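Let me begin by presenting the structure, written as structure tokens, before commenting on it.
Start at 1 and go down the list; that is how both ligands and their atoms are numbered. Because the structure is predicted, anything quoted here is derived from the model rather than measured.
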Amino acid sequence: MTTSAETAVHNGKLFIHTVGCQMNELDSELVVAALRKHGYELTADVADADTVLFNTCSVREHAEHKIYSALGRLKYSKRKRPDQVIGVMGCMAQKDQKLIFQKAPHVDLVVGTGQLSEIPLLIDNARENRERQMAISLARRDATRQKVADSFESYDPLRDPEMRPSAFQAYVRIMIGCDKFCTYCVVPMTRGPEQSRSPKHIVQEVQQLAAEGVKEVTLLGQTVNSYRHTENGREYRLSDLIASFHDTPGLERIKFVTNYPRDMTDDLLQAVRDLPKVAHYLHVPAQSGCDEMLKRMKRGYTVEHYREMMHRIHETVPDCSVSSDFIVGFCGETDAAHEKSMELIREFRFKNSFIFKYSARTGTKADAIMLDDVPEETKRRRNNEMLDLQNEISEEDNAARIGREYDILVEGPSKSAVKAGDDDSIPQTQLSGRTRCDRIVVFDGNRRLTGSTTRVRIDDCTATTLIGTIVTRELQHTADGGLPILG
Ligand code: SAM
Ligand code: SF4
């Protein structure tokens, strides 16, 4: 195929590698959708592709190293294939900018999180002119907040249903950026100032997704519960936003991530309690169980604030699952401080915790003024101790569910079914889905149940998964609108 200007020839095959958070997954979905409109076709084999994109993460150094290694591996293939266009997009592009061209001179394109809409044009330019293309937003300290905010565009084009990872689950961005400036975190620099999208646009997007068959939306924001937008003289908070699209026909479940502890307001908890489609699940990272560490991290709350928030969550929504994030080995973290984080996990018995070893990041306050003084070996040990504790708690709490029945929103063949070479000509397979409290459940069933809600009894468990059996031995309506099947 040729580019729009009918000059540079390429095979139209696009390979994209995505790392990082859900925000990145959504960005990749949207970029691929836009490129498909320009005639590109996705390939899973990098060796097949004349256009290669890396959607990157800067939160930890390890993720960046992996991308530089992957770029290094393409150096030789590019020599044999000079028309190939290689692009780096996302957080690392915004953070490292020209450094990417210095470290990997065969890269053609560097595109920050705020310029994703320009990618089709930039690829064309790179290919036609054989010139490097770079599009990034203003740095936070180089201009006023408004100017920097204007340079980060929320990228939410009309979506291509074919590109969604699952036909009935979709991410919806409600905010971009972050203004919290936790001392360890690079996100306020790579994603820019906090900006909430207009409720009108979000509601339209949800309605369109539901009309296309989407049953579950996950609203995305770095601190999603800080959402605020004033439209026609009315202020919308997250609770108002959810209420305004909750009754959309076809929509069955609403989730939102990630929450900031200080912004967990009562109106939001009441919305979780009162609106039947909202999941009883909140991801609210604590990061540490030690006040001294929380202060150094500039998280803006103490352990007592967090405890008070957990109390309100359980008082308002008694069966709510809560998950957390923790950083181990942050600057100055002693064994005693680490033990306080372990104590917090014992006290709140999170559904699960994402645990990260502290990684010093250029551009952050911690990197500038604190000493990364916890040895790697200690970080690793604390990481493992915390993982073991969390797994023990998750398994005990899952075991307490054995014998109970839950309504499961079925997501499709389980990961192990897919790994084992799931054969879609055979209707029966191991399916995976989630309870309203976001617990993963696997069970055997007909793949046509995907997208429907099915009652499952729990027979067994691991730390991460409930294992069950369908209890409905009657005709079930499937999500595809086909003939009902025996559940
Ligand atoms: N906005 C979310 C919040 O505040 O909870 C999370 C965003 S961040 C991309 C996801 C997680 O990465 C954080 O919750 C934190 O635990 C971890 N993280 C961020 N910066 C880190 C760093 N420099 N080293 C290790 N972990 C880090
Ligand atoms: Fe990073 Fe803190 Fe913002 Fe989360 S709230 S994105 S951890 S700065």
Please determine whether a side-chain nitrogen of the Lys or Arg among [X] and [Y] lies less than 4.0 Å from a carboxylate oxygen of the Asp or Glu.
X	Y	result
Asp179	Arg140	yes
Glu205	Arg173	no
Arg228	Glu235	yes
Glu385	Arg381	yes
Glu333	Lys379	no

- Should Phe15 and Asp45 count as side-chain neighbours, where that means a heavy-atom distance under 4.5 Å? no

- Message: Which residues pass the salt bridge (Lys or Arg N to Asp or Glu O under 4.0 Å) test with Asp247, not counting sequence neighbours?
- Response: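 Salt bridge (Lys or Arg N to Asp or Glu O under 4.0 Å) check on Asp247 returns nothing, list empty.
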
- Note on the structure: Taken in chain and number order and not counting sequence neighbours, the residues that satisfy salt bridge (Lys or Arg N to Asp or Glu O under 4.0 Å) with Asp407 are Arg455

Could you list, one pair per line, each nitrogen or oxygen of ligand 1 together with any protein nitrogen or oxygen closer than 3.5 Å, giving atom names and the distance rounded to 0.1 Å?
from, atom 1, to, atom 2, distance (Å)
ligand 1, 1 (N), Gln222, O, 2.7
ligand 1, 1 (N), Gln222, OE1, 3.3
ligand 1, 4 (O), Arg299, NH1, 3.4
ligand 1, 14 (O), Gln287, NE2, 2.7
ligand 1, 14 (O), Asp325, OD2, 2.5
ligand 1, 16 (O), Gln287, OE1, 2.7
ligand 1, 23 (N), Tyr184, O, 3.0
ligand 1, 23 (N), Ser359, O, 2.8
ligand 1, 24 (N), Ser359, N, 3.0

- Query: Can Lys298 be said to sit on top of Phe181's aromatic six-ring, NZ or CZ under 6.0 Å from centre and within 45° of the ring axis?
  - Reply: no

- Task: Mind listing the protein N/O/S atoms less than 2.8 Å away from atom 2 (Fe) of ligand 2? Waters don't count.
- Result: Cys182 SG

